[in-house]
Amino acid sequence: MSEVRSAYNPAEVEQKWTRQWFELALFDLTVDPEKPSFSIALPPPNITGDLHMGHALNGTLQDVLIRWKRMQGYNVLWQPGTDHAGISTQMVVERELKKEGKSRRDLGREAFVARVWEWRNEYGNRILNQYKRLGVSFNWDRLAFTMDDGYVRAIMRAFVTLFKEGFIYRGNRVTNWCPRCLTSLSDLEVEHEETRGHLYLIKYPLADGSGALTVATTRPESMFGDVAVAVHPDDPRYKQYIGKTVLLPISRRPLPVIADSYVDREFGTGALKITPAHDANDWEVGQRHDLPMPAVIDEHGRMIACEHVPVQFHELERFAARKEVVGELASEHLLVETQDYLHGLGYCERCHTVIEPLLSEQWYVKMKELAEPAIKVVEEERVVFVPPRYASTYLDWMYNIRDWCISRQLWWGHRIPVWTCRHCSNVDAFEKAPTACPQCASADLEQDPDVLDTWFSSALWPFATLGWPEKTEELKIFYPTSVLSTAREIINLWVARMIFTSLKFVGTIPFKHVLIHPVIQTADGKRMSKSKGNAIDPLVMIDKYGADANRFWFASLGVKGDQDVRFREDRLEEYRRFANKLWNAGRFVLDSLEGFAPKAIERDELTLADRWILNRFNHLLQDVHEGLRNYDFDDVAHALYDFTWDHFCDWYLEIAKVQLAQEQATGAEGQTRRVLQMVFEGLMRAMHPIMPFITEDLWQRLPKSPLFAELDSIMFAPFPREDQSFFDDDAEQKMTLLVRIIRAVRNIRQTYNVPASSEAEAIIYCLCDDERKSLILGQEYIKRLARVSPLTIAPDGIVPPMAAWEAISSMKVYVPLASLIDVDKSRSRLVQRQEAIQKDLLKVRQILENEEFRRRAPKEKVESLEAQRQDLERQASSVESQLKVLEMSEVS
RNA sequence: GGGCGGUUGGCGCAGUUGGUAGCGCACCACUUUGACAUAGUGGGGGCCACUGGUUCGAGUCCAGUACCGCCCACCA
């Protein structure tokens, strides 16, 4: 007996091998210039993050690919690291400060940034350590961070290059502003949500007293910033008013009525108030008409105490102000109507505050020209999305690309490397802090206070981590990377930006394939969110079911199926059991192989079952390899599962027991142990990319070829490939026949309640010589697996009385029945069976009787259906005669 | 408003070029036979969301409808 316990204990095995792998530093990067290369850049998690289901799923898929390629002998780089996550991290540390009663301004910029560094040094690698539990084989010796010195150099080079070439400019325009985070946001950092609000219809009286124009707005508090009322130039209702003057309600400021085709005649009243400082579209209208752009709401979202805002509203918070304004309008009888209104409202992605469009000075990247080559590489499929439908997500965004606001009013991040000379007002960008103005040599320079959008730095991730802008060996060997695997929500936020920056700076694509994995939702189909408290913690699941079971589930989801999958704990339970099954199969194999030294298979001495399992196994290896090549992780997982459980455990191991006993009895050295070793050892390697822990543990204890003696781990063993010389259709066919016989006997036994503990006699008549030979080859299997004794196999003979029988192919299987038969039960089951057969038969006959079908359908189709009909007819008569047997037993 | 996914036995899903509907879990029955009861064996259960169309034949192709979900979007 093996010393191993019968139940698989994942925690023990995982700890053991994690320790071993790290002690031997097996994850350090090694490069052999002779070998081909494969590389993946891990999407860097935020330093503030905890491992969630998405990370775990994505980490598993990447690790499967990495381990697979490593076993194939590639130079493999899996670049890990973290993102400094500007807003998130600053928020976390500010929250900490708040507990101490302080704000970041109390500390000042320098001390605050130092404080964030402290935080990051303590907690910043937490998520990477959580990744360890999953068994990911990062190159742990190459951990990168977006604020490493080398990485910062890359950012500075990128910025300055874009600046010098005129792609970066400063603009004063309306941007998304978060009044809580006190920073601007890019369009992609704003989440739009359907929100219940109101549409207010407000009268703007004409200055000449001849009536009024009614405008529609959702934000009446912004009206003090109005500079015009716009109508569509071709709108007959309003044509006469163009050029006239209306009076702004409450403050009575005169506003011109202008014409602009931006106005939608269908919406609201067809008259639109123009507030350039607080609405992006109005800003554009304002530009076109050369209008002023007074601000009336400040960066905290309060009404500004200025000349435009009536005193009573000064300093009022924007939503409070809205109420007040509406009340005032009502009392002046200028509020025509208040409609309930559902509209998309922008929220800050980080803190869920309603976005305030605010006029401010920000840095932008001019995108149009940069996007062009990035569009081309996807259109030409030099960068391929998997599944392909996501290419259109990317392309739709890129076709309609708008300039990218890259400045953030934060302290944590990469400070924008632009300095302004206080002496001559020269503005320029520098990779290193300048000591003097290049224009006037003055030393009185001031750096821009803002930092860069976090995504500006992550856009450079795949090449900045490899040492760009230096021409490093790593870049030469591993760039472009092979695959990028990520979630669809950051296709535009991140993937698109990596593509255009790589093309711009490195002159090549950053990766060849982009895998977009599904999103894991809660069991009831909701979005998992930490703040809602409905998120499942993968670490808890790993504790409960083991890392390998979790990984197997992730692999089984694949990337080509549904775009969303629901979390199901029973899946994990299923795969935990699968690991247990594998473990116990391993125990049996290890027991059987005690003292065994691997030997080459003697082909001529293989039994039918040996040939069959070798055929199946080599087909499995072919499927696994093909599947991985095509990113069909789900197919690979299912193929491994079915082979292991059905073919190997349920059939071959049971047969192996028979063969091992025979070999022992006869003293002949059979092939069973060789086959067991070959298949199981190979299976461990084939399964290793998905289930690294359990396969390592079992593999280490298996007798192995001396070729593997020097290896520290299964992870360096060659990935098994099919040997087509083991493909064997003949064995497959014969074995299928035996399986059908065994199942038929089992079925008869249970139908007639033959006790499982007793042996049953069986007689098989088989006129076909070939089939009879197969039967004789497999007679021991039949005896053991169907508990048959004695077994008679003959070309033909007397039909035994009181026997149930089943027709299979050219054979008839008889099981003489003992006296203990439950007649009623047996009859009802037979009748049920008869009905099913008749139903099928009817369908088949209908098709066959159709003359059109016979004329038009392919010949093989007709023939196979004909064969099916014959088979069904045989079965029908079999059932019928069994029913007769029952009647006879009743009579007697 | 635009785009994309999904709708197949109680639940979760497969269904390759159209040719008598499969798998896992759950369910029922039997079985503790020396890898595993976290198991084995046998079994029951579906008019493939709906409506039309193409075809000898549609879960599979085409058109439309409904519901669920996701992404994108400057209609106040």
Side-chain angles (χ1 to χ4, degrees), chain A residues 1-2 4 6-8 174 187-188 192 199 215-219 230 262-264 266-269 271-275 279-284 341 343-344 346 357 387 389-390 392-393 396-397 400 402 488-489 491-492 519 521 525-527 556 561-566 568 570-571 573-574 576-592 634-635 638 641-642 645 649-650 653-654 657 743 746-747 749-751 753 755-757 784-787 825 829 832 839-844 846-847 850-858 860-862 864-865 868-869 872:
Chain A
M1 255 328 266
S2 153
V4 186
S6 70
Y8 176 54
V174 173
D187 296 330
L188 289 170
H192 292 269
L199 189 64
V215 305
T217 180
T218 54
R219 307 202 48 196
Y262 159 71
V263 178
D264 180 352
E266 308 299 317
F267 189 90
T269 59
L272 173 64
K273 70 190 211 49
I274 299 298
T275 323
D279 183 288
N281 298 303
D282 291 6
W283 183 82
E284 277 170 25
Y341 186 54
H343 66 309
R389 62 174 177 270
Y390 291 113
S392 68
T393 301
D396 286 350
W397 169 258
N400 302 304
R402 300 164 69 205
R488 64 175 179 274
E489 63 178 8
I491 288 174
N492 299 325
V519 171
Q521 303 175 327
K526 298 278 182 332
R527 196 185 173 83
S556 77
D562 291 348
Q563 54 185 9
D564 300 305
V565 295
R566 296 178 178 202
R568 294 275 311 219
D570 56 359
R571 301 282 80 162
E573 173 62 17
E574 183 190 340
R576 187 184 68 78
R577 290 186 194 186
F578 177 62
N580 190 61
K581 184 79 180 173
L582 191 64
W583 182 256
N584 280 294
R587 288 204 316 144
F588 174 80
V589 172
L590 284 168
D591 281 350
S592 307
D634 43 350
D635 293 344
H638 290 135
Y641 185 99
D642 291 345
W645 207 306
C649 290
D650 286 350
L653 284 190
E654 292 308 318
K657 289 174 189 170
R743 292 213 159 120
R746 283 169 173 170
N747 184 306
R749 291 180 57 117
Q750 295 218 10
T751 304
N753 286 330
S757 52
R784 165 79 179 234
L785 300 189
R787 293 189 79 74
K825 202 164 160 194
R829 294 186 81 149
Q832 206 169 19
K839 207 172 113 189
D840 286 352
L841 205 48
L842 191 72
K843 271 189 198 166
V844 172
Q846 267 172 359
I847 297 171
N850 184 334
E851 284 309 312
E852 287 293 305
F853 171 76
R854 286 188 173 278
R855 222 179 18 226
R856 293 175 192 244
E860 317 85 70
K861 217 68 220 178
V862 181
S864 87
L865 221 60
Q868 279 170 14
R869 191 190 66 184
L872 283 168

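Computed from heavy atoms alone, side chains included, the values below leave out hydrogens, waters and symmetry copies. Sequence lines set the chain letters: A, B, ... in the order given, protein chains first and strands last, and positions in each chain run from 1.
Spacing of C1' atoms, B:rG6 relative to B:rG15, comes out at 16 Å, to the nearest Å. Between B:rC4 and B:rU65, the two P atoms lie 14 Å apart (nearest whole Å). For the C1' atom pair drawn from B:rU16 and B:rC11, the interatomic distance equals 26 Å after rounding to whole Å. One P atom belongs to B:rG9, the other to B:rC50, and the distance between them is 11 Å to the nearest Å. Taking the P atoms as reference points, B:rG44 lies 30 Å from B:rA35, given to the whole Å. Here, B:rA26 and B:rG43 have their C1' atoms 15 Å apart, quoted to the whole Å. Of the P atoms belonging to B:rU8 and B:rG3, the separation is 25 Å, rounded to the nearest Å. Taking atom P on both B:rG19 and B:rC48, the two are 16 Å apart, rounded to the nearest angstrom.
As rounded to whole Å, 9 Å separates atom P of B:rA73 from atom CG of A:Asn400. Counting to the nearest Å, the P atom of B:rG1 and the CG atom of A:Asp396 are 18 Å from each other. Atom CZ in A:Arg784 sits roughly 13 Å away from atom P in B:rU41 (whole-Å rounding). Protein atom CH2 of A:Trp645 is 12 Å distant from nucleotide atom C1' of B:rA35, rounded to whole Å. Between A:Arg566 atom CZ and B:rU7 atom P the separation is 12 Å, expressed in whole Å. The distance from atom CD of A:Gln521 to atom C1' of B:rC70 is 8 Å, rounded to the nearest whole Å. For the pair A:Asp634 CG and B:rG12 P, the interatomic distance rounds to 18 Å; values are reported in whole Å. Remark: P of B:rC25 and CG of A:Asp642 are 11 Å apart, rounded to the nearest angstrom.
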Intermediate values then yes/no, salt bridge (charged side-chain N to carboxylate O under 4.0 Å, His left out), A:Glu574 and A:Arg577 = CA-CA 5 Å; A:Glu574 183 190 340; A:Arg577 290 186 194 186; over 6 Å; no

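In terms of position along RNA chain B, the nucleotide closest to A:Arg389 lies nearer the 5' end than the nucleotide closest to the other residue of the pair A:His638 and A:Arg389. Comparing A:Asp635 and A:Val589 against RNA chain B, the residue whose closest nucleotide sits nearer the 5' end is A:Asp635.
Rounding to the nearest 0.5 Å gives a distance of 12.0 Å between CG of A:Leu865 and NZ of A:Lys843. To the nearest 0.5 angstrom, A:Ile274 atom CD1 is 9.0 Å from A:Asn281 atom CG. Note that OG1 of A:Thr218 and CG of A:Leu199 are 7.0 Å apart. Values are rounded to the nearest 0.5 Å. To the nearest 0.5 Å, the span separating CH2 on A:Trp397 from CD1 on A:Ile491 amounts to 12.5 Å. Rounding to the nearest 0.5 angstrom, the gap separating the CG atom in A:Leu272 from the CG atom in A:Asp264 is 9.5 Å. For the atom pair CG of A:Leu582 and SG of A:Cys649, the computed distance is 7.5 Å after rounding to the nearest 0.5 Å.
Minimum interatomic distance between A:Arg869 and A:Val844 (heavy atoms only, all atoms of both residues): CB-CG1, 3.8 Å. For the residue pair A:Lys657 and A:Phe588, the shortest heavy atom distance occurs at CG-CZ, 3.7 Å. Here the closest heavy-atom approach between residue A:Leu653 and residue A:Ala585 is recorded as CD1-CB, 4.0 Å.
A:Ile491 comes within contact range of no nucleotide atom at all, as no heavy-atom separation falls under 4.0 Å. A:Asp650 comes within 4.0 angstrom of sugar-phosphate atoms only, judged by non-hydrogen atoms across all strands, and of no base.
Close to B:rU41, at under 4.0 Å from its OP1 or OP2, lies no side-chain N or O of A:Arg743. Dashed line: the shortest gap from a side-chain N or O of A:Arg488 to OP1 or OP2 of B:rC70 is not under 4.0 Å. Within the 4.0 Å cut-off from OP1 or OP2 of B:rA21, at least one side-chain nitrogen or oxygen of A:Lys843 is found. When the side-chain nitrogen and oxygen atoms of A:Asn584 are compared with OP1 and OP2 of B:rA39, none of them lie within a distance under 4.0 Å.
Residue A:Asn580 has its side chain nearest to B:rC36 when only B:rA35, B:rC36, B:rA73 are considered. With distances taken from any side-chain atom of A:Asn492 to the nucleotides B:rA35, B:rC72, B:rG69, the minimum falls on B:rC72. Of the listed nucleotides (B:rG42, B:rA35, B:rU38), B:rA35 has the atom at the smallest distance from the side chain of A:Arg587. Here B:rA39 is the nucleotide among B:rC4, B:rA39, B:rA29 with the atom lying nearest to any side-chain atom of A:Lys581.
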note = Parsed dot-bracket for RNA chain B after applying the Watson-Crick and G-U rules with both distances under 3.5 Å and | for other-strand partners is (((((((..((((.....[..)))).(((((.......))))).....(((((..]....))))))))))))....

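With sequence neighbours left out, the ring-ring contact (aromatic ring centres under 6.0 Å, His included) criterion links A:Tyr341 to A:His343. With sequence neighbours excluded, the residues satisfying salt bridge (charged side-chain N to carboxylate O under 4.0 Å, His left out) with A:Asp564 are A:Arg488.
The backbone N or O of A:Asp396 sits less than 3.5 Å from a side-chain atom of A:Asn400, completing a donor-acceptor pair.
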Output one line per pair: protein atom, nucleotide atom from nucleotides 74-76 of chain B, and distance, for all N/O pairs under 3.5 Å.
{"from": "B:rC74", "atom 1": "OP1", "to": "A:Arg402", "atom 2": "NH1", "distance (Å)": "2.5"}
{"from": "B:rC74", "atom 1": "O2'", "to": "A:Asn281", "atom 2": "ND2", "distance (Å)": "2.5"}
{"from": "B:rC74", "atom 1": "N1", "to": "A:Asn281", "atom 2": "OD1", "distance (Å)": "3.1"}
{"from": "B:rC74", "atom 1": "O2", "to": "A:Asn281", "atom 2": "OD1", "distance (Å)": "2.4"}
{"from": "B:rC74", "atom 1": "O2", "to": "A:Asn281", "atom 2": "ND2", "distance (Å)": "3.3"}
{"from": "B:rC75", "atom 1": "O2", "to": "A:Asp264", "atom 2": "OD2", "distance (Å)": "2.3"}
{"from": "B:rC75", "atom 1": "N3", "to": "A:Asp264", "atom 2": "OD2", "distance (Å)": "2.6"}
{"from": "B:rA76", "atom 1": "OP2", "to": "A:Tyr341", "atom 2": "OH", "distance (Å)": "2.8"}
{"from": "B:rA76", "atom 1": "O2'", "to": "A:Ala216", "atom 2": "O", "distance (Å)": "3.3"}
{"from": "B:rA76", "atom 1": "N6", "to": "A:Asp264", "atom 2": "O", "distance (Å)": "2.9"}
{"from": "B:rA76", "atom 1": "N6", "to": "A:Phe267", "atom 2": "O", "distance (Å)": "2.9"}
{"from": "B:rA76", "atom 1": "N1", "to": "A:Asp264", "atom 2": "N", "distance (Å)": "3.3"}

All N/O contacts under 3.5 Å from nucleotides 8-11 of chain B to the protein, with atom names and distances to one decimal?
{"from": "B:rC11", "atom 1": "O2'", "to": "A:Arg568", "atom 2": "NH1", "distance (Å)": "2.1"}
{"from": "B:rC11", "atom 1": "O2'", "to": "A:Arg568", "atom 2": "NH2", "distance (Å)": "3.2"}

Close N or O pairs between protein and nucleotides 55-58 of chain B (under 3.5 Å):
{"from": "B:rC56", "atom 1": "OP1", "to": "A:Arg856", "atom 2": "NE", "distance (Å)": "3.3"}
{"from": "B:rC56", "atom 1": "OP1", "to": "A:Arg856", "atom 2": "NH1", "distance (Å)": "2.5"}
{"from": "B:rC56", "atom 1": "OP1", "to": "A:Arg856", "atom 2": "NH2", "distance (Å)": "3.0"}
{"from": "B:rC56", "atom 1": "O2'", "to": "A:Asn850", "atom 2": "ND2", "distance (Å)": "2.7"}

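In this structure, A:Lys581 and A:Trp645 have side chains that are in contact, with non-hydrogen atoms separated by less than 4.5 Å.
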